[in-house]
Amino acid sequence: MPASPSGHGTSRTRSWWGWGYADAHPDDAECVAMGALLPGTLARPLPTPRVADLAIARPGVTPPPALAHLVTADPDVRAAHAMGKAYRDIIRALRGRPGRIPDLVARPADDGEVADLLDWAGGQGVAVIPFGGGSSVVGGVEYRGDTHRAVLSLDLTSMDRVLEVDTVSRSARIQAGALGPVLEEQLRPHGLTLRHFPQSFEFSTLGGWLATRAGGHYATGHTHIDDFVQSLRVVTPAGSGTSWRLPASGAGPSPDRLFLGSEGALGVITEAWMRLQERPRHKASASVAFSDFQQALEAVRTLAQSDLSPANCRLFDPGEALLSGASRDGSSVLVLGFESATRRVDDRLVSALEVARAHGGRGGAPTANGGDASADRAVPADAAVRAWRSAFLRMPYLRDGLARMGAVVETFETAATWDRIPALIDAVRTEVGSAAAKATGHPATVNCRLTHVYPDGAAPYFTVAVAGRPGDEVAVWDDIKAAASDVLHRYRASITHHHAVGRDHRPGYDSQRPEPFALALRAAKEALDPHRILNPGVLID
């Protein structure tokens with residue numbers, strides 16, 4: 001059946017330079033208070049940047065009259081599409097060095113307009129950067145280089161409708177430009193949900209999730225957006241196509257797999273049929289403290305290899321637990337959550353707590369919600385769970401506040417099999433911490449948490465915090481990131497688990513992929529994008 005338009009909107013202003021909403025950023029006093037926790041930071045925060053202070057050149061190209069209504073050269077809009085939201089992006093904006101600002105921003109409303117824009121750009125030598133919510137943290141939505149006449153940011157957020165809902169097959173056809181809240185608002189009347197909640201949920205789109213193979217809130221089971229895809233529609237400079245909508249298929253290599261994770265380098269994902277779920281009504285959660293992090297790792301591995309399938313199974317080391325407010329006594333903390341649309345989950349939580357306690361965990365009185373759950377994320381249980389949830393949503397804003405104090409604060413994540421996880425975590429803490437201290441001359445903190453767990457491995461997520469070198473923060477982070485990438489490569493851990501490759505992870509991705517696959521990818525690029533205009537520098541040269 002056709003789905004009605006969402007009518008979703010907000011009067012809040014998005015920050016052009018930082019994470020999320022402009023009115024949610026820490027004020028100067030809070031920035032100073034945070035900076036005091038890192039020796040060597042600035043005495044006063046850097047001023048918030050203004051678009052008016054940027055040197056924005058006139059567009060290097062003019063669209064034809066037939067496309068002019070789709071395109072803007074407004075400086076504020078162009079600046080907001082110049083970068084993603086990685087630490088490198090934030091500090092470059094604060095230092096007034098945002099990089100190449102797109103000449104134009106286009107907002108097509110349908111596939112035909114996307115195709116028309118690609119045709120024009122190909123003929124004019126204009127680079128096209130597909131853009132959803134702009135939340136990339138790997139340099140995935142910016143242009144680097146000088147080989148193209150001009151740069152067009154292709155913003156898909158006008159294509160934001162749920163076009164069809166099939167309640168029999170429990171799936172929906174959704175336009176790629178739908179932001180997370182817009183998408184869920186349109187599914188809610190049908191009693192269904194995509195149930196994919198990355199940290200960037202408010203500020204990222206379905207197309208962005210698909211193009212980057214994004215990870216969601218679930219710690220087990222359907223952890224990546226890949227798991228929800230029935231079919232994709234993609235517009236490329238060589239033509240448009242839609243894969244068959246199927247529950248599964250053994251018919252050769254999957255066309256969907258070619259474009260999942262392609263980051264706009266092979267084509268523009270404009271629609272997808274997505275598998276849906278009934279909205280959860282039964283939820284239960286708890287936290288467990290551990291004195292020994294290694295025992296906590298063993299508890300999580302046992303849970304991941306069981307059939308309990310917790311929706312949330314996040315383990316924080318002592319530093320990360322302190323940072324999130326989940327613990328202040330030096331304990332590691334495991335946050336557990338279960339949910340279901342059809343049956344109570346208390347017994348599964350009780351079984352999970354028994355596993356945790358058998359490995360030295362303590363505490364963990366469960367809190368359950370057996371009623372109709374209207375919230376989009378798991379209901380908080382005890383104080384540790386509430387503290388984690390609050391910190392999870394607030395952390396990107398705090399990172400931006402620390403960046404204003406000249407601090408280097410950034411995260412990176414990976415995945416490896418269980419046999420390598422303990423040694424990998426130890427090596428990252430030691431070697432990345434040493435690299436950060438060497439690069440800055442200040443003591444560094446490296447914390448770890450597990451965000452997603454599998455029967456055969458886990459995804460460690462690391463936070464690095466250190467006072468930077470004033471004016472040279474990007475180079476400092478690049479040195480730290482290089483050290484981290486070296487450790488990951490040595491342990492054969494993925495250069496990324498769910499944040500995509502972009503431009504920042506290219507060296508690691510080039511080392512990780514087999515050369516025959518690289519040859520095939522280059523051939524696909526040549527066939528689908530013969531003018532090489534689509535997101536140049538991402539995945540392949």
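Values below: all heavy atoms of this structure, side chains included; hydrogens, waters and symmetry mates excluded.
Within the model, atoms CG of Leu336 and SG of Cys313 stand 5.5 Å from one another, a figure rounded to the nearest 0.5 Å. Rounding to the nearest 0.5 Å places CD1 of Ile90 at 6.5 Å from CE of Met83. The CD1 atom of Ile480 sits 14.5 Å away from atom CZ of Phe462, with the distance rounded to the nearest 0.5 Å. Between atom CZ of residue Arg469 and atom CG of residue Asp479 there is a gap of 6.5 Å, rounded to the nearest 0.5 Å. The structure places OG1 of Thr205 at 9.0 Å from CG of Asp155, a figure rounded to the nearest 0.5 Å. Note that the CZ atom of Phe316 and the SG atom of Cys448 stand 10.5 Å from one another [nearest 0.5 Å].
Using modelled atom types and a 3.5 Å distance limit, the side chains of Tyr218 and Glu339 yield a donor-acceptor pair. A side-chain donor from one of Trp209 and Ser204 sits under 3.5 Å from a side-chain acceptor of the other. Of the N and O atoms on the side chains of Thr496 and Glu413, at least one donor lies less than 3.5 Å from an acceptor on the other residue. Ser309 and Arg348 share no donor-acceptor pair across their side chains, judged by distance under 3.5 Å alone. Residues Arg399 and Thr463 have side chains that never bring a donor and an acceptor to within less than 3.5 angstrom of each other. A donor atom on one side chain and an acceptor atom on the other are not found under 3.5 Å apart for Ser340 and Arg343. In the model, Thr193 has a side-chain atom that pairs as donor or acceptor with a side-chain atom of Glu184 under 3.5 Å.
A pairwise comparison of heavy atoms in Gly140 and Asn535 identifies O-ND2, 3.1 Å as the closest pair. The two residues Arg170 and Leu192 come nearest to each other via the heavy atoms CG-CD2, 3.6 Å. Residue Thr41 comes nearest to Gly35 through the heavy atom pair OG1-O, 2.8 Å, listed as atom of the first residue, atom of the second, then distance. Asp89 and Gly84 get closest at one heavy-atom pair: OD2-C, 3.1 Å. In plain terms, the two heavy atoms of Asp504 and Gly139 that are nearest each other are OD2-N, 3.5 Å. Phe290 approaches Ala299 most closely through the heavy-atom pair CZ-CB, 3.9 Å.
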- Query: Do His505 and Lys481 pass the side-chain contact (heavy atoms from CB on, under 4.5 Å) test, and can you show the C-alpha distance, the side-chain angles, and the key distance before you say yes or no?
  - Reply: CA-CA 9 Å; His505 287 158; Lys481 178 66 173 176; 2.8 Å; yes
- Show your reasoning for whether side-chain contact (heavy atoms from CB on, under 4.5 Å) applies to Val141 and His81. CA-CA 8 Å; Val141 294; His81 287 74; over 6 Å; no
- Task: Give the C-alpha distance, both sets of side-chain angles, the deciding distance and a yes or no for side-chain contact (heavy atoms from CB on, under 4.5 Å) between Thr48 and Trp17.
- Result: CA-CA 9 Å; Thr48 55; Trp17 65 272; 3.9 Å; yes
- Task: Starting from the C-alpha separation in whole Å, work towards a yes-or-no answer on salt bridge (Lys or Arg N to Asp or Glu O under 4.0 Å) for Asp28 and Arg44.
- Result: CA-CA 8 Å; Asp28 287 4; Arg44 295 187 301 275; over 6 Å; no
- Query: Leu38 and Val466: side-chain contact (heavy atoms from CB on, under 4.5 Å), yes or no, with the steps?
  - Reply: CA-CA 7 Å; Leu38 279 178; Val466 64; 5.8 Å; no
- Message: Show, in sequence, the C-alpha distance, side-chain angles and deciding distance for Lys85 and Asp400, and conclude whether the salt bridge (Lys or Arg N to Asp or Glu O under 4.0 Å) test is met.
- Response: CA-CA 9 Å; Lys85 303 302 181 186; Asp400 292 359; over 6 Å; no
- His222 and His196: CA distance, side-chain angles, deciding distance, ring-ring contact (aromatic ring centres under 6.0 Å, His included) verdict: CA-CA 9 Å; His222 294 322; His196 181 80; over 10 Å; no
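Side-chain N or O atoms of Arg420 include one that pairs as donor or acceptor with a backbone N or O of Arg492 at under 3.5 Å. In this structure, Arg404 contributes its side chain and Leu46 its backbone to a donor-acceptor pair below 3.5 Å. Of the possible donor and acceptor atoms, one in the side chain of Ser434 sits under 3.5 Å from a partner among the backbone N and O of Thr430. Side-chain atoms of Ser306 come within 3.5 Å of backbone atoms of Leu303 as a donor-acceptor pair (strictly under, hydrogens ignored). Looking only at distances, no side-chain donor or acceptor of Gln295 sits under 3.5 Å from a matching main-chain atom of Ser291.
Two residues are said to be in side-chain contact when any heavy atoms from C-beta on lie closer than 4.5 Å; Val538 and Val501 fail this criterion. Residues Arg362 and Arg357 are not in side-chain contact: their nearest non-hydrogen atoms beyond the backbone lie 4.5 Å or more apart. Put simply, the side chain of His497 does not reach to within 4.5 Å of the side chain of Thr414, judged on heavy atoms. Between Pro26 and Met34 there is a side-chain heavy-atom pair separated by less than 4.5 Å. Within the 4.5 Å cutoff, side-chain heavy atoms of His217 are placed close to those of Asn312. A heavy-atom distance below 4.5 Å is found between the side chains of Trp418 and Gln305. Between Leu398 and Glu30 the shortest side-chain heavy-atom distance falls below 4.5 Å. Looking only at side-chain heavy atoms (C-beta outward), Tyr87 and Val408 come within less than 4.5 Å of each other.
Ring-centre distance between Tyr21 and Tyr397: not below the 6.0 Å cut-off. Aromatic pair His498/His452: ring centres closer than 6.0 Å.
Enclosure of atom CZ in Arg144 by more than 12 non-hydrogen atoms of other residues, nucleotides or ligands within 6.0 angstrom is indicated. Atom CZ of Arg490 sits in a crowded spot, with more than 12 heavy atoms from other residues, nucleotides or ligands closer than 6.0 Å.
Taking the ring centre of Tyr461 as origin, the terminal cationic atom of Arg449 falls inside the region bounded by 6.0 Å and 45° from the ring axis. For Arg503 and Tyr509, the positive end is not near the middle of the six-membered ring at less than 6.0 Å and at most 45° from its axis.
Contact check on Arg14 versus Glu202 returns no salt bridge, with no Lys/Arg side-chain nitrogen under 4.0 Å from an Asp/Glu carboxylate oxygen. Classification of Asp347 and Arg344 as a salt-bridged pair fails, no side-chain N sitting under 4.0 Å from a carboxylate O. Contact check on Arg195 versus Glu278 returns no salt bridge, with no Lys/Arg side-chain nitrogen under 4.0 Å from an Asp/Glu carboxylate oxygen. Classification of Asp478 and Arg88 as a salt-bridged pair holds, one side-chain N sitting under 4.0 Å from a carboxylate O. Salt-bridge formation is detected for the pair Glu473/Arg95: a Lys NZ or Arg NE/NH1/NH2 atom is positioned less than 4.0 Å from an Asp or Glu carboxylate oxygen. The existence of a salt bridge linking Asp227 and Arg275 is excluded, since no basic side-chain nitrogen approaches an acidic carboxylate oxygen closer than 4.0 Å.
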